[in-house]
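Report on one structure; see the data block that follows.
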2 protein chains.
Amino acid sequence: MQIDQHSLVDLAVAEIQRLIYVGELAPGENLREERLSNLLGISRPPLREALRVLAHKGIVEQLPRRGARVVKLSAKQVDEIYSLRQALERFALESAFPNPDAQSLINMNTALEIMTKAAEQSDHSAIVRANRDFHVALVDLARHERLTKTYLELMDQMQLCMSDNLRTETRTVGDYMAGVKRHRVLLEAIENGNAADALEALANHGERATLSELYSDH
Amino acid sequence: MQIDQHSLVDLAVAEIQRLIYVGELAPGENLREERLSNLLGISRPPLREALRVLAHKGIVEQLPRRGARVVKLSAKQVDEIYSLRQALERFALESAFPNPDAQSLINMNTALEIMTKAAEQSDHSAIVRANRDFHVALVDLARHERLTKTYLELMDQMQLCMSDNLRTETRTVGDYMAGVKRHRVLLEAIENGNAADALEALANHGERATLSELYSDH
DNA sequence: TTAGAGTCAATGATAGACAAAAGACACTCA
DNA sequence: TGAGTGTCTTTTGTCTATCATTGACTCTAA
């Protein structure tokens, strides 16, 4: 058995992403190396490696001699992320049929159940998590490792605006339930083996518009 | 005017990729830090940052306590890269119509010209370069920065097998010209604004089969 | 031949140091 | 008063030195 062997770099990457997600590091904020390395309790070299990785992931941007800062997405960039995301999901569905991965179907169902309960309680952060799990499972239907990897990367970038989303959250239970229903329609089409319907449902999924609206003033 | 300010890390990343591409670092080869840092004339810290970046790019894999080695792609992985690539190109075309980027169209034409001449002279490495330029320009038709970035990343991974490809090269001028012709058909469909034909041409592009065959024994 | 112990080499991480460059600040001159 | 300039400080980019940890290898002994 292989024990988890995470280097400090991996831990730092995860921790910084978490700090961004919970809002302790805001988009646009300057990440000074000494401060961050003290905060995380590590020395500069591994922190610098972590920042490089984050920069490559598009979470952070590095300006020569001016250090790193948390990326602040423009409306156009959010739009691009969502359109690319949808293209990847469409490709996943097309590849998945006619033999979608069984375990992933189970995972989609589980995520949908959690999402339903969370929606009834207006537990926004649980909805966001379940939503993520649902879509990752959808992509996994295709059993395409590289696709999954690319998709996860995109999801990480999306998390940048999720914390904004948490702050500006003003939805009602009705809005949430509508979202859940859209997911249910999509999942049912997949389970029925109806590729055309599933793709149609995906095209009408319509999260993109609502989310990019939040960014219209950026 | 902004002078190019490349850190040693950036230079190291580029140089290591070049060394892999020209075959001086072979897939599967172990990359010892001290040896490489001496070779590149830099110290270990920036080299380690470069290796992290390359690992994240999928060019190199890092095993805990066992260092980094050049990734050796399996047939399945090559297949995945090509299928994902085609999905991205399809999305690019769909997004590009009805207003493809004018400059990118020019770039495609330029690349095709170069490819044609290179094919006549069986200059394989020039063909590979022109091929890359052609496809990058195709994706750029969509003016979608994140898509372009994702696509370039995939191209870098593909370069891993290109050097293999160079070694096992046994094609004739006829094969090359057939490839050039496929590209020309595709470009003409795009220039005629015929989206359906372009997508059809892309689907029949058929580089994937020939290339994955090279990997059938991996 | 093979199992086990000991040795060696490489990685993962730290600390300290320093040059170079960017930004901040005050100062001069118009 | 305001623009331009020069200095100072801070931070990054990089190097060197060092050390613990752990894989890998080798050598010995059963």
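Letters A, B, ... are given to chains in the order of the sequence lines, protein chains preceding strands, and every chain is numbered from 1. Everything quoted here is computed from the prediction, not taken from an experiment.
- Rounding to whole angstrom units, CG of residue A:Asn30 and C1' of D:dT11 are separated by 10 Å.
- If you take CG of B:Leu63 and P of C:dA9, they are 22 Å apart, rounded to a whole angstrom.
- With sequence neighbours excluded, no residue satisfies side chain to side chain contact (heavy atoms under 4.5 Å, CB included) with B:Asn99.
- Comparing atom distances between the B:Pro45 side chain and each of C:dA15, C:dT11, D:dC15 picks out D:dC15 as nearest.
- Distance A:Leu36 CG to D:dT11 P: 13 Å, rounded to the nearest Å.
- Side-chain atoms of B:Glu80 come within 3.5 Å of backbone N or O of A:Glu145 as a donor-acceptor pair.
- Partners of A:Glu33 by salt bridge (Lys or Arg N to Asp or Glu O under 4.0 Å), not counting sequence neighbours, listed by chain and number: A:Arg44, A:Arg48.
- For B:Arg48, the listed nucleotide lying nearest its side chain is C:dT11; candidates were D:dT12, D:dT16, C:dT11.
- With no hydrogens or angles considered, a side-chain donor-acceptor pair links A:Asp10 and A:Ser7 at under 3.5 Å.
- The residue B:Leu31 sits close only to the backbone: its heavy atoms come under 4.0 Å of sugar-phosphate atoms, none of a base.
- Between the side chain of B:Gln157 and the backbone N or O of B:Lys57 there is at least one donor-acceptor pair closer than 3.5 Å.
- Taking atom CD on A:Gln62 and atom C1' on C:dA22, their separation rounds to 16 Å, with Å as the unit.
- Rounded to whole Å, the distance from CG on B:Asn38 to C1' on D:dC15 is 13 Å.
- Rounded to a whole Å, the CG atom of A:Leu47 is 13 Å from the C1' atom of D:dT11.
- Of the candidates C:dT14, D:dG13, C:dT11, the closest approach to any side-chain atom of B:Arg44 belongs to C:dT11.
- Side-chain to base pairing of A:Arg66 with D:dG13: no donor and acceptor N or O lie closer than 3.5 Å to each other.
- Across the protein-nucleic acid pair, A:Arg35 atom CZ and D:dT12 atom P stand 10 Å apart, rounded to whole Å.
- Counting to the nearest Å, the P atom of C:dT14 and the CD atom of A:Glu34 are 14 Å from each other.
- Side-chain nitrogen and oxygen atoms of A:Arg32 include none within less than 4.0 Å of the OP1 or OP2 phosphate oxygen of D:dT12.
- Taking the nucleotide of DNA chain C with the nearest heavy atom to each of A:Arg65 and A:Pro46, the more 5' of the two is matched to A:Pro46.
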